[in-house]
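Notes follow the structure.
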Amino acid sequence: MKGILIVVSGFAGAGKGTIMKNLMERYPGFSLSVSATSRLPREGEKEGVNYFFKTREEFEEMIERQEFLEHAEYVGNYYGTPKAFVEKKLSEGMNVLLEIEIQGAMQIKKSFQDALLIFIMPPSAGILRERLTKRGTESPEIIEKRLKRAVSESEGIENYDYIVINDEVDKCTEKLHNIILSAAMQPARQRKFIEEVRNDLKKMSS
Ligand code: 5GP
């Protein structure tokens with residue numbers, strides 16, 4: 001059976017990274033896609049773990065060669081999902097997680113009818129601001145910038161299949177997992193199995 005392609009988006013500071021890590025630690029059957037980007041590595045980020053770091057030219061060559069499932073420009077840098085890994089994992093029956101922003105999510109929605117799109121929300125705008133401030137790494141100006149960006153990102157949330165409110169990491173992880181389990185049991189994602197049983201039934205009754 002083919003795995004599900006799961007898109008997870010959310011505002012900066014919504015905690016998507018932590019949730020996905022938690023999900024993969026608790027449950028088998030998930031693969032996280034590593035994106036390519038033209039932005040420079042942040043301290044501690046590793047090639048092939050956090051991202052595949054590329055120059056703009058290298059990235060553009062990859063676009064030319066159609067190596068991406070989707071790609072987008074975000075705050076002046078390219079980001080894209082390498083196609084080969086995702087296709088391989090899906091065909092092996094793994095559920096593949098893409099942690100991508102909204103423009104890329106909309107491209108996936110167009111080209112993969114069966115993709116499951118989830119948006120991680122903070123419990124409130126105030127709490128998002130608090131989390132961004134608590135990180136302590138960003139200046140008030142940057143925090144304001146991120147909040148502004150959240151306003152524009154919030155415009156597309158209705159295009160997602162589900163929102164998950166991140167009030168507490170473990171609870172949020174469970175909610176995400178439950179959504180994925182339910183989605184897997186939708187008839188549209190079980191066409192092959194339904195067809196098999198139907199055919200067997202037909203054979204038995206003839
Ligand atoms: P950051 O630079 O903070 O790692 O990521 C910035 C934004 O780019 C985040 O919202 C992240 O989810 C998104 N992003 C990461 N990889 C991809 C990708 O492959 N495609 C798209 N469209 N967005 C991505």
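Every number for a ligand or one of its atoms is a count from 1 in the order of the listing.
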Verdict with reasoning, Tyr78 to Glu60, per side-chain hydrogen bond (donor to acceptor under 3.5 Å, both in side chains): CA-CA 9 Å; Tyr78 286 128; Glu60 281 163 6; 2.7 Å; yes
Are Arg198 and Glu195 close enough, and set up right, to give a salt bridge (Lys or Arg N to Asp or Glu O under 4.0 Å), and what steps lead you there? CA-CA 5 Å; Arg198 186 181 287 140; Glu195 191 70 12; 3.2 Å; yes
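Between Glu25 and Lys21, at least one side-chain N (NZ, or NE/NH1/NH2) sits under 4.0 Å from a carboxylate O, which counts as a salt bridge. A salt bridge links Lys89 to Glu92: one of the charged nitrogens lies within less than 4.0 Å of a carboxylate oxygen. Classification of Lys110 and Glu70 as a salt-bridged pair fails, no side-chain N sitting under 4.0 Å from a carboxylate O. For Lys54 and Glu61, the salt-bridge test fails: no basic side-chain N is under 4.0 Å from an acidic carboxylate O. Taking a cutoff of 4.0 Å between a charged side-chain nitrogen and a carboxylate oxygen, Arg39 and Glu45 qualify as a salt bridge.
Side-chain contact between Phe119 and Asn159: absent, with no pair of heavy atoms (C-beta onward) separated by less than 4.5 Å.
Using a 4.0 Å heavy-atom cutoff, Glu70 is listed among the residues neighbouring ligand 1. Residue His71 places no heavy atom under 4.0 Å from ligand 1.
Protein heavy atom in closest approach to atom 6 (C) of ligand 1: Tyr74 CE2, 3.5 Å. For atom 23 (N) of ligand 1, the nearest non-hydrogen atom of the protein is Glu101 N, 3.2 Å. In this structure, the protein non-hydrogen atom closest to atom 4 (O) of ligand 1 is Tyr51 OH, 2.6 Å. For atom 9 (C) of ligand 1, the closest non-hydrogen atom of the protein is Lys16 NZ, 4.0 Å. For atom 16 (N) of ligand 1, the closest non-hydrogen atom on the protein side is Ser35 OG, 3.0 Å. Protein heavy atom at the shortest distance from atom 12 (O) of ligand 1 is Glu99 O, 3.2 Å. With hydrogens left out, the protein atom closest to atom 2 (O) of ligand 1 is Tyr79 OH, 2.5 Å, a heavy atom. The protein non-hydrogen atom at the shortest distance from atom 3 (O) of ligand 1 is Arg42 NH2, 2.9 Å.
Ring pair Tyr74/Tyr79 is perpendicular by interplanar angle, where above 60° counts as perpendicular and below 30° as parallel.
For ligand 1 and Gly104, the ligand atoms under 4.0 Å from any heavy atom of the residue are 22 (N). The atoms of ligand 1 that sit less than 4.0 Å from any heavy atom of Arg39 are 1 (P), 2 (O), 4 (O). Of all atoms in ligand 1, numbered sequentially from 1 with element shown, those under 4.0 Å from a heavy atom of Ala72 are 22 (N).
Of the polar atoms of Gly80, at least one N or O is found under 3.5 Å from an N or O of ligand 1, judged by distance alone.
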